[in-house]
Every structure is written in C-alpha cells, then in structure tokens.
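Just below is one structure, and these are the notes that go with it.
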Amino acid sequence: MLNNQEITQTIVDIADAMEVLGENRFRVAAYRRAADTLGAQTTSLATLHAQGDLTALPGVGEGIAGIIGELLDQGHAPFVDELLTRVPPGLLDILRVPEIGPKSAARLFHDEGITDLAALQAAASEGRLRAVKGFGAKTEARILAAINLMLTSTNRLRLIDALPVMDTLVAAIGGLAGVRRVVPAGSLRRGASTVGDLNLLLATDDITGVRAALRQLPQVAGCDPDLGDVFGLQLHNGMRAGVALTPPEQWGSALVYWTGSREHVTQLQALAAERGWSFDARGFTVANSLRRCLDEDSVYAALDLPTIIPELREGWGEIAAAQQGRLPTVIEPGDIHADLHWHTTWSDGKGSLREMAEAGRALGYAFMSVADHSAYLGVTGGLDAERLRQQRLEIDALNAEYGASGASFRLLQGCEVDILPDGALALPDDVLARLDLVIASPHVALRQPREAATARLVRAINNPHVDIIGHPTGRLLNTRPGADLDMAQVIAAAASTGTILEVNAGPERLDLDAPHIRAALAAGVRLTINTDAHDPRHLAGISLGVTTARRGGAAAADVINTWELAQIAGINDRSAST
DNA sequence: GCCGTTTTCGGCCCGACTGTTTTCAGTCG
C-alpha cells in the first residue's frame with residue numbers, strides 16, 4: 001500500500017511529465033495544487049479513499065481522486081504508466097535544475113538527445129550547451145554551477161526533512177530488546193541546517209544482539225560490512241544512518257565523540273594530549289588505564305571546561321571561549337515573545353489576520369507584527385499605500401477587540417518591503433513612516449555581482465525607515481546559494497545604523513546562517529528570529545530559527561523577539577527622529 | 001484538472017526583468 005508521500009510524489013511526477021510534454025499549464029497547475037494539498041494531509045490517504053472523502057480535499061476532483069484510488073488499490077494507474085513512458089525518467093531531474101523549465105528540457109531531449117543530469121553536466125562542462133538555441137555562455141555557466149550544487153547536496157537533507165526521519169528511527173530502535181538508550185548525534189544534534197548521514201548513539205549491554213535486531217528493522221534496506229563500533233544502515237528512503245553502539249558506562253564520552261563536530265573533538269583531543277591523555281568514544285586513556293565518563297558534563301569537566309552545548313561544537317573557537325569564560329548563554333525557544341514576520345490573506349498568506357493572531361496567541365506570544373508583502377512582485381498580491389491603510393483599520397479593530405476582552409495581546413503593522421535591484425524600496429518613505437516595523441527583503445535579482453549586491457543591501461540599510469533586513473542572502477538550502485555579498489560590509493552598515501538582521505526560520509532558508517550570526521553579534525548587531533509564515537501552522541516553525549541562532553551564539557538579549565512590546569515600538573523612534 | 005452567491009463553461013497566480021534573441025523562456029515570491 002502506497003503511503004501519502006509516495007502518492008504525492010506520483011502526482012508531482014505527473015505534473016512534471018505533463019509540463020515537459022507541453023500540456024495545458026492550468027492542467028499542470030491543477031496537479032501541483034492537488035499535490036500541495038495531499039502533501040499537507042496528516043490523515044492517511046488510504047483512509048480517506050476508503051471513506052470516499054478524497055474529493056472533499058481542496059484541489060482534488062473526480063479525476064485526481066480516481067488516479068489516487070487506482071494507485072492505492074492496484075499499486076499503479078494506467079494513466080500514469082502511459083504518461084511516464086513518454087518521458088525519460090532522467091528528464092524530470094533536468095527539470096529541477098534552475099534555469100531549465102519545461103520548454104528547455106523538451107528541447108534538450110528532442111534536439112540534443114540529453115535525457116539525464118549526467119549528460120547535461122557533460123554538455124555544459126564541454127561548452128556544447130552554449131551552441132543550443134536559447135542557451136548562451138552565461139546560462140551554460142549557471143547551469144553547470146547549479147548541477148554541481150544539486151549533485152553535492154543530493155545526499156544532504158534539510159534539517160526539517162531529516163528530523164521526522166530521525167524521530168521514526170529513534171522510536172523504532174528504542175523499542176528493540178536490549179536497547180538501554182538511543183539519541184540523535186552528529187550534525188542533526190548540533191542543529192546544522194542540512195544533514196548528511198543520520199547519526200545515532202545507542203547504549204546497550206548486548207552489542208551483538210542489538211546489531212542483529214537493527215538489520216531486521218522495517219526502515220532498513222541493507223547494512224554495511226561490520227566496522228566495529230559503528231553500524232552503517234541503508235534506509236528504504238535512500239538515506240543512510242550510522243548507529244554507534246556503546247556500553248552504558250561510556251555514554252558521556254561516546255555522546256561527545258559521535259556528536260562532533262570533527263573539529264571540536266580534535267580540539268578536545270589536543271587539550272587531553274596537553275595533559276598526556278588521549279580521548280575517544282570510550283573515554284580518556286590516562287597512563288594506560290581507561291577513565292570512563294557517564295555523561296557529557298564529566299567529559300568537559302575532566303578538561304576543566306564548562307559543558308558546551310551541541311549547537312556550539314563547530315570548532316570556531318568555542319573551546320577557547322569556554323576556557324576564558326566567554327561562552328554565551330544562548331537563547332531558548334521559550335524566550336521568544338513575538339513573531340515579527342508573517343503573511344496573511346492580505347498578500348500571499350493562507351490565514352487571515354485573525355487566524356494568524358490566534359495561532360500566535362496559542363504559542364503564548366504577547367504580541368505579533370504582521371509583514372505582508374509590498375506591492376511589487378505581482379504574484380504576492382502585495383499591498384500599496386491604500387491597501388496598507390485598509391489593513392491598518394482591520395488591525396485597529398482586532399486590537400480594540402483584544403483590549404475589550406481584557407487580553408494583553410497586541411498586533412503591530414509591519415510590512416515586508418521589496419528591496420529593488422538598485423537598493424531603493426518598493427514603497428515611498430511617507431508610507432514606510434506610518435508602519436510600526438519595516439522589514440526590507442531582497443526577492444529578485446539575487447545573482448548580482450558582489451559589489452552591486454552588497455551596495456544594494458547597504459543602501460536599504462541606510463534608509464532610516466528600515467528596521468530589519470529580512471533573509472539577507474536570499475539563499476534556499478540545497479537549491480540556491482543566495483546573493484554574493486560582502487557580509488562584513490553589510491554587517492558594518494547594520495552596526496552603524498542600528499538596523500536589525502533577520503534569522504529567517506523558514507526551513508528552506510535558515511538565513512542568516514551561524515557564521516554570519518557570529519560575525520553580526522561580534523559587531524554589536526541585533527537579530528530577529530521570524531518564521532516568515534504563510535500559514536497559521538507555520539508559526540510553530542520558529543524553533544529551527546532559534547536553533548540556528550543558538551549555533552551562532554545568540555543570547556536572548558541579542559534577539560528583539562525577546563523584548564517587551566514597548567521596546568519594540570521604540571525601534572521606530574530612530575526613523576521618527578530623522 | 002478543478003471549481004462555482006459566475007453552476008456544466010470559462011476562468012484559473014502576475015509581470016518586470018534577464019539572457020538570449022529579434023519573439024521567447026525562465027526567474028522570483
């Protein structure tokens with residue numbers, strides 16, 4: 001029986017294949033819309049099918065419900081089988097390359113006989129692509145770079161995608177006989193934005209027995225030859241998991257060792273070596289005898305260090321900071337009082353102002369600041385001066401309602417204003433001046449040369465009405481590298497104007513990333529962590545942003561979302577006074 | 001293909017910009 005994810009993927013494949021075949025774009029869009037709905041379902045599609053409820057889902061009509069029914073009942077659908085025979089499977093990969101849409105993919109296929117990513121990469125690297133109609137040298141170079149990014153990142157999952165796989169694995173392994181304890185380790189435990197192999201640490205007194213049981217897990221497709229203390233598993237979903245096994249009495253040292261990072265552990269080992277000791281997953285070896293560590297605290301204590309949280313273990317200097325008592329006390333999820341960047345049905349969000357506000361109240365927020373798009377990019381349905389004025393009326397009414405009911409909750413009116421390619425903003429200053437909070441974000445022209453891209457952000461920062469720069473680089477994990485910025489210049493400009501830089505918690509962004517956050521904090525720049533939610537359910541996703549900020553060493557006081565409403569309202573005084 | 005205080009047809013998520021061409025494909029949210 002196919003699961004929800006497999007069915008959703010099949011519907012996406014249909015849309016992709018139809019697009020290459022030049023089908024009606026609305027028909028293609030209908031499949032994509034249906035796939036969005038299906039992917040968001042928490043109930044099993046098999047159950048909905050059995051109840052005859054599939055067509056109740058928005059975007060799913062008789063046609064698509066019929067295909068899903070066939071997939072569930074027979075494991076395949078004749079329509080899909082026939083469609084996919086007309087499109088080589090590798091062509092769907094080509095369609096995922098930025099710069100290449102359905103028309104180009106079809107042309108590469110029919111005219112050049114290019115049917116997969118490897119052939120496209122070869123053509124681009126040999127300079128043959130620029131000869132194809134519609135392609136030039138610049139496009140060829142960008143396609144080559146994009147393919148290289150795709151190939152190097154295919155084995156890395158975004159954190160948001162890795163977490164549920166890890167949860168399933170931890171639950172399954174935790175249920176095996178003889179397993180005393182199992183936790184995530186590796187880059188996932190450190191909160192990295194993307195994760196390669198999933199690493200877990202497992203404590204057992206019966207290493208042989210547990211090893212045999214791991215092979216039998218339903219998630220496991222195969223396993224590597226025995227490497228001793230680490231057991232490599234290939235999962236059915238294509239991911240790999242490295243399970244480190246340890247006797248319980250060595251838990252602390254094993255957890256430090258397998259959490260990494262490699263640089264961090266190497267530096268710990270150097271510190272141990274200064275004492276004439278050595279350190280590995282088993283513990284410290286002191287004069288040929290093993291000193292075990294039950295927990296992580298005792299590992300660090302043995303080296304006269306305070307415990308360093310996993311998010312900071314990247315080898316950037318955290319051990320020296322710990323020795324000098326300069327380790328930051330980093331922000332906790334519970335420190336966040338407010339989300340300052342989210343969208344509503346006024347622009348391209350899925351929830352109304354009220355629905356979003358209620359979702360925020362449910363998270364315990366004291367206030368929130370909406371940030372719908374400015375009118376600029378057509379598809380976002382952004383707001384101009386007049387619609388901002390109308391939105392303000394709705395916000396005032398909601399606040400009056402909250403006030404009357406005795407709730408202390410308040411809504412502020414912000415706006416996510418587009419930074420135009422030259423650094424000017426999409427709304428005039430007098431309109432910006434009336435907003436409670438102005439977030440300026442780059443959305444277009446993200447491939448400018450470094451100098452232009454940097455000057456653009458600096459110009460936006462220097463606008464006295466701009467309070468926050470949203471997702472500063474514009475990167476999309478595994479997809480788009482983001483603007484080529486001289487971040488030192490951007491940070492220096494933000495420091496001199498008091499402009500706040502965003503840590504966008506959108507799971508596909510996580511922008512700024514940890515190194516930029518550290519640099520910003522070192523320059524005295526404040527941060528804000530926001531979800532950029534386009535749906536009430538997305539507001540809960542603030543946690544990945546908090547994790548990213550922790551990796552950058554941000555303390556609660558560095559992040560304005562921990563401030564009181566009055567302090568936030570004061571941010572705009574800077575623009576009021578100029 | 002889906003949907004309907006527009007109900008069985010006709011509209012759906014735009015439009016300025018870039019690179020490559022000379023009329024178009026792809027990007028960006």
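Reminder, nothing fancy here: chain letters follow the sequence lines and each chain counts from 1.
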Please check if the side chain of [X] supplies one atom and the backbone of [Y] the other of a donor-acceptor pair under 3.5 Å.
X        : Y        : value
A:Thr497 : A:Ala493 : yes
A:Asp558 : A:Arg526 : no
A:Arg387 : A:Trp346 : yes
A:Asp372 : A:Thr344 : yes

Tell me the interatomic distance from [X], atom [atom1], to [N], atom [atom2], rounded to whole angstroms.
X        : N      : atom1 : atom2 : value
A:Asp418 : B:dA16 : CG    : P     : 14 Å
A:Leu446 : B:dT18 : CG    : C1'   : 13 Å
A:His534 : B:dC28 : NE2   : P     : 16 Å
A:Glu140 : B:dT18 : CD    : P     : 22 Å
A:Arg142 : B:dG19 : CZ    : P     : 6 Å

Considering only the [atom1] atoms, how many Å lie between [N] and [M], rounded to the nearest integer?
N      : M      : atom1 : value
B:dT8  : B:dG4  : C1'   : 10 Å
B:dT18 : B:dT22 : C1'   : 16 Å
B:dT6  : B:dG1  : P     : 26 Å
B:dT27 : B:dT20 : P     : 14 Å
B:dG26 : B:dC13 : C1'   : 16 Å
B:dC9  : B:dG19 : C1'   : 39 Å
B:dC12 : B:dT21 : C1'   : 31 Å

Using a 4.0 Å heavy-atom cut-off, does [X] contact any base of the nucleic acid, only the sugar-phosphate backbone, or nothing at all?
X        : result
A:Ala141 : nothing
A:Arg509 : sugar-phosphate
A:Arg32  : nothing

Pairs where residues 51-60 of chain A contributes a residue and the test side-chain hydrogen bond (donor to acceptor under 3.5 Å, both in side chains) is met, not counting sequence neighbours: none

Salt bridge (charged side-chain N to carboxylate O under 4.0 Å, His left out) involving A:Arg25 - partner list, sequence neighbours excluded: none

Where the side chain of [X] is concerned, which of [options] is the nearest nucleotide?
X        : options                : result
A:Arg480 : B:dT21, B:dT20, B:dC28 : B:dC28
A:Arg447 : B:dC28, B:dT20, B:dG26 : B:dC28
A:Pro102 : B:dG19, B:dT21, B:dG26 : B:dG26
A:Val444 : B:dC28, B:dG26, B:dT20 : B:dC28
A:Ser104 : B:dA25, B:dT21, B:dT27 : B:dA25

N/O (side chain, A:Lys138) to phosphate O (OP1/OP2, B:dG26) under 4.0 Å: no

Most 5' of A:Val132 and A:Gly101 on DNA chain B, judged by nearest nucleotide: A:Val132

Comparing A:Lys103 and A:Gly134 on DNA chain B - which has the more 5′ nearest nucleotide: A:Gly134

N/O-N/O pairs, protein side and nucleotides 1-9 of chain B side, under 3.5 Å:
{"residue": "B:dG1", "atom": "OP1", "partner": "A:Arg27", "partner atom": "NH2", "Å": "2.8"}
{"residue": "B:dG1", "atom": "O5'", "partner": "A:Arg27", "partner atom": "NE", "Å": "3.1"}
{"residue": "B:dC2", "atom": "OP1", "partner": "A:Gly61", "partner atom": "N", "Å": "2.7"}
{"residue": "B:dC2", "atom": "OP1", "partner": "A:Gly61", "partner atom": "O", "Å": "3.3"}
{"residue": "B:dC2", "atom": "OP1", "partner": "A:Ile64", "partner atom": "N", "Å": "3.0"}
{"residue": "B:dC2", "atom": "OP2", "partner": "A:Gly63", "partner atom": "N", "Å": "3.2"}
{"residue": "B:dC3", "atom": "OP1", "partner": "A:Gly59", "partner atom": "N", "Å": "2.8"}

Reference residue A:Thr562; test side chain to side chain contact (heavy atoms under 4.5 Å, CB included); the match among A:Ile529, A:Ile331, A:Thr528: A:Ile331

Aromatic plane relationship, A:His534 with A:His343 - under 30° parallel, 30 to 60° tilted, over 60° perpendicular: parallel

